[in-house]
Amino acid sequence: MDINFRGTLLKTKTPQRIPGASLITSVEDLPAVLAASLSAEERALIQKLKTSPLPLAVTTHFASLAAPERDDPIRRQFIPDPLEEADDPFALDDPLGEERYRAASRLVHQYRDRALLLAGGSCAGFCRYCFRRIRMNAAFISSAELEPVLAYLESSPGIREILVSGGDPLTACDGKLEELFGKLRNRRPDILIRLCSRVPVTYPKRLSCQTIDLLRRYRPLRVVTHINHVKELSPDARTVLASLVETGIPVHVQTVLLKGINDNAETLALLFRECLNLGLSPYYLFQLDLAPGAAHFRVPLKKGLALYRELERQISGLALPVYAVDLPGGGGKIRLSENAIAVEENGAFLLKGHDGMLWKYPIE
Ligand SMILES: *Cc1c(COP(=O)(O)O)cnc(C)c1O
């Protein structure tokens, strides 16, 4: 079955297809053991979410890694949980405040020497804690949308790095990627391309030899992927990650700290050591963004800090990512430490941003 998403919030409703992907969007298509493991509440929620911005969506590959137990670290990442419907007074529709730094319809320029291209396209599965859910299902960037981005990059030589994110840019076909990278290179031969994609673990077969060769030709290019648990490192995922590295494409790993999935030092140590052995660099461990419907994944900040201290004692500096948070509402990324907390006030911490301003993050 090919995927065919229905975007509900966005104007652009071109159905997105991942070349060759089998994407599961209904209970009947889940592996039988998983379908049988669903509670009545989970089934009802999956039905209800069909017309929401973030319906059930998972690749057959990722679903095959899940065990039927409710607390399985893979299952929890894509099976909707009735707790998503709980009210969260801290939730923000645009948790990173990306709208504040919009330089073009598809470009976010928040940090001096790097900018973020929202290339669009769908994702190879929907993470239940997604912070960019309101933008999911935008069509892949068109030539007309790319032009102002290229003009901005050309007139801003201070920007030395372009993050290509989405959705997931690797849900586009090679032809579209080639066109995008070709135009970027043509206008800015010097720029470093940072390709942000979860495809290496959610749909590793997408990274064929041809695709990896395509990426190689647009170096300097680095891949930043997203891995939360060692179970995601399937044999196929290990193979493509290793070929990227062998091809001369450095791979960095971002991990989201998720309650009940990876919120203990042993689980994270195992993941980061395994990444290191595969030649990947653990980059960020993120405190959860305040997306609506994700509060049940939030690890209290104080617990996160204690866990990170423990991790520092357990693993090599090479395996240790930076513990960070994107300050809710647009304060930017900061490194988390006890010193980041300015005060505690009405159920929230006030965290110090780089500009000295204070930003609210919940205590629990
Ligand atoms: C995270 C992010 C970056 C990259 O920041 P690094 O600290 O270099 O990883 C760039 N732009 C935006 C808008 C971001 O959110």
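In listed order, ligands and their atoms are each counted from 1. One is the number of the first residue; the rest follow in order along the sequence.
With a heavy-atom cut-off of 4.0 Å, Glu161 does not touch ligand 1 at all. At a 4.0 Å heavy-atom cut-off, ligand 1 does not touch His109 at all.
The atoms of ligand 1 that sit less than 4.0 Å from any heavy atom of Leu116 are 13 (C). Remark: ligand 1 atoms within the under-4.0 Å shell around heavy atoms of Arg114 are 4 (C), 5 (O), 6 (P), 7 (O), 8 (O). In summary, the atoms of ligand 1 found under 4.0 Å from a heavy atom of Tyr283, numbered by their order in the structure, are 6 (P), 7 (O), 8 (O), 9 (O). Residue Leu163 has at least one heavy-atom neighbour below 4.0 Å for each of these atoms of ligand 1: 3 (C), 4 (C), 10 (C). Every atom of ligand 1 is numbered from 1 in the order shown, and the set under 4.0 Å from a heavy atom of Gln110 is 13 (C).
Annotation for Lys176: atom NZ does not count as buried by contact number, only 12 or fewer foreign heavy atoms lying within 6.0 Å. Heavy atoms of other residues, nucleotides or ligands lying less than 6.0 angstrom from NZ of Lys183 number more than 12.
Put simply, the residue from Thr59, Ile24, Thr202, Leu30 that forms a side chain to side chain contact (heavy atoms under 4.5 Å, CB included) with Phe78 is Leu30.
The distance from atom CZ of Arg76 to atom CG of Leu83, rounded to the nearest 0.5 Å, is 8.0 Å.
Of the possible donor and acceptor atoms, one in the side chain of Arg198 sits under 3.5 Å from a partner among the backbone N and O of His226.
For ligand 1, one of its N or O atoms has an N or O atom of Lys333 under 3.5 Å away. Residue contacts with ligand 1: Tyr284 is placed with a nitrogen or oxygen under 3.5 Å of a nitrogen or oxygen of the ligand (distance criterion only).
Protein heavy atom closest to atom 12 (C) of ligand 1, with residue, atom name and distance, is Tyr111 CE1, 3.6 Å.
For the pair Tyr101 and ligand 1, no heavy-atom separation below 4.0 Å is found.
Sorted by first and then second residue, the salt bridge (charged side-chain N to carboxylate O under 4.0 Å, His left out) pairs involving residues 266-278 (not counting sequence neighbours) are Arg238-Glu274.
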Review item, side-chain donor-acceptor pairs of residues 335-345, under 3.5 Å, at least two apart:
| from | atom 1 | to | atom 2 | distance (Å) |
| --- | --- | --- | --- | --- |
| Ser337 | OG | Asn339 | N | 3.2 |
| Glu338 | OE1 | Arg309 | NH2 | 3.0 |

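If you check the side chains of Asn262 and Thr267, you find no donor sitting under 3.5 Å from an acceptor.
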